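Working notes for the structure below.
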Protein chains: 2
Amino acid sequence: MVRKPTSKETARKPNMREAILAAAEELFATNGFNAVSVRDIAQAAGANPGSVTYHFKTKDGLLLEIYRRHCGPMNLRRFELLAAAKRVRDLQDRLEAIVRAYVVPAFTSGSDLAGGGARFTRLRAVMSAEGNEVARKIIAQTFDDTSHAFIDAIHESLPHIPRTDIVWRSHFLLGALYYSLVTPGRVSRLSRGEADGGDAASAIEQLVQATVAAFQAPPLDHAAPARRRPVVGSKT
Amino acid sequence: MVRKPTSKETARKPNMREAILAAAEELFATNGFNAVSVRDIAQAAGANPGSVTYHFKTKDGLLLEIYRRHCGPMNLRRFELLAAAKRVRDLQDRLEAIVRAYVVPAFTSGSDLAGGGARFTRLRAVMSAEGNEVARKIIAQTFDDTSHAFIDAIHESLPHIPRTDIVWRSHFLLGALYYSLVTPGRVSRLSRGEADGGDAASAIEQLVQATVAAFQAPPLDHAAPARRRPVVGSKT
DNA sequence: TGATTTCTTGTACGATAGTACAAATCACAT
DNA sequence: ATGTGATTTGTACTATCGTACAAGAAATCA
């Protein structure tokens, strides 16, 4: 019934390898890289510790493979959505579509893996916070192109805003995005149960709406000090 | 010449203890909790590993003491600034003052410690990402009051926005704030050197401006689906 | 000064970390 | 069926982890 693949070249035993990857992804994203041992991962995947070494050589190699697995598909999807967004005529709608094109793939599946999008984005957030070397290199290589593309697209929608301001605001967007995935419980807590911080759809809508407004804010006047500053000065 | 304090009760040998605290703060904030060993801290502080055990008993105890050291002063300062902000008459200016009252103490010194504000906030960001247990407890206990106070104040300035939306947006604010301290280099990189992500003043101004606009965004229509959604759908 | 408390040092112990490797097992083409 | 390469297992090695503790040095008080 099912056509078995050629076996040569391709490793047709995705069971363990995939299970290890999934377990590592989950554990790294939840507890950080250093807090998780190879043995923890193996146990969660129902595998032997030696199996991890066999498939990925080192713990760093395992992390590297996780990134390799997700970066391509997620960025591909972002570029697809960005291309579609750029075709939106109405400027306000276009900006919203661009932001959405950036946000959505981070929450939903970036590839064919089920629900892996949010998990992987959370992993990136944690690795970023920990200053992980392996992650830093890949991020700078793989995501800066994407970021520049989005920044340029946003800049085209808002020509009167200096590029510097747009960079700052897109940086804030990524921070908000990360934090929403890292600590969803805080939203539920602070809203006293009225909002569900873990609900991806709500998070996306809230984030898109807020971010679009932030991008549209008047530019910072770099030259003129302008407009009296609100009080807030020395204590008492 | 210098009047020595009473010696009783107060430990008048802040040298080592303070050095260890400062070193731990810096290392934890940079590399995360688990990546830093007690020996690393001792070496950075010019102390003996046993000295850390003597002063703080455990590694968790050391982290706990760092939080104890900063939480009080930072929240105190926030409440002072919040009280001042609430007295601002103009609604737009008041909102900006409130946001500023939240942001400024996170960047500048939260206590008498030199430049400790940003470092401690960065530490909180990293601990949050790592899901650290010790940090989580303190955060929920110490900062939720502050957060609620700010959310309420913002809600008073923007009565037409549902509280839920304000919670989300203040959550985004904290995420953006954290991320700005965690990865300042990214801003410099993406702006091609035009902006300095490490400059606290710029970060504050950009963050305040963007966040005020985000708070002022129209509320999400929870009932009506409303307003056609921008295209962005299936692939190709 | 001598007694006593406070801090620092050096060292050690058990636990666990990442990784290596030989033996056992499995999948499959012939 | 059988041999061959791919995978899994079990175990071991070394390094480093957090912490404990006794002995030494410094500071403080009578």
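Letters go in sequence order (proteins before strands), and every chain restarts at 1. As the structure is a computational prediction, the values presented were derived from the model and not from experiment.
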How long is the line joining [atom1] of [X] and [atom2] of [N], in whole Å?
X     : N      : atom1 : atom2 : value
B:R39 : D:dG18 : CZ    : P     : 7 Å
A:N48 : C:dA24 : CG    : P     : 15 Å
B:L27 : D:dC17 : CG    : P     : 12 Å
A:M16 : D:dT7  : CE    : C1'   : 10 Å
A:L63 : C:dG18 : CG    : C1'   : 15 Å
B:I20 : D:dG18 : CD1   : C1'   : 15 Å
A:N15 : D:dT8  : CG    : C1'   : 12 Å
A:K57 : D:dA6  : NZ    : C1'   : 15 Å

[N] OP1/OP2 closer than 4.0 Å to side-chain N/O of [X]:
X     : N      : result
B:S37 : D:dT16 : no
A:Y54 : D:dT8  : no
A:T53 : C:dT19 : no
A:H55 : D:dA6  : no

Sidechain-backbone polar pair: A:R119 side chain, A:E26 backbone, donor-acceptor under 3.5 Å |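 Answer holds: no.
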Can A:R136 and A:E130 be said to form a salt bridge (charged side-chain N to carboxylate O under 4.0 Å, His left out), step by step?
-> CA-CA 10 Å; A:R136 179 146 47 202; A:E130 285 188 321; over 6 Å; no
With heavy atoms under 4.0 Å as the rule, sort A:V52 into base, sugar-phosphate or nothing.
->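 No contact.
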Between A:S51 and A:N48, do the side chains contain an N or O donor and an N or O acceptor separated by less than 3.5 Å?
->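 A:S51 vs A:N48: no donor-acceptor pair found between side chains.
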Is the B:F172 to A:F172 ring centre distance short of 6.0 Å?
-> no
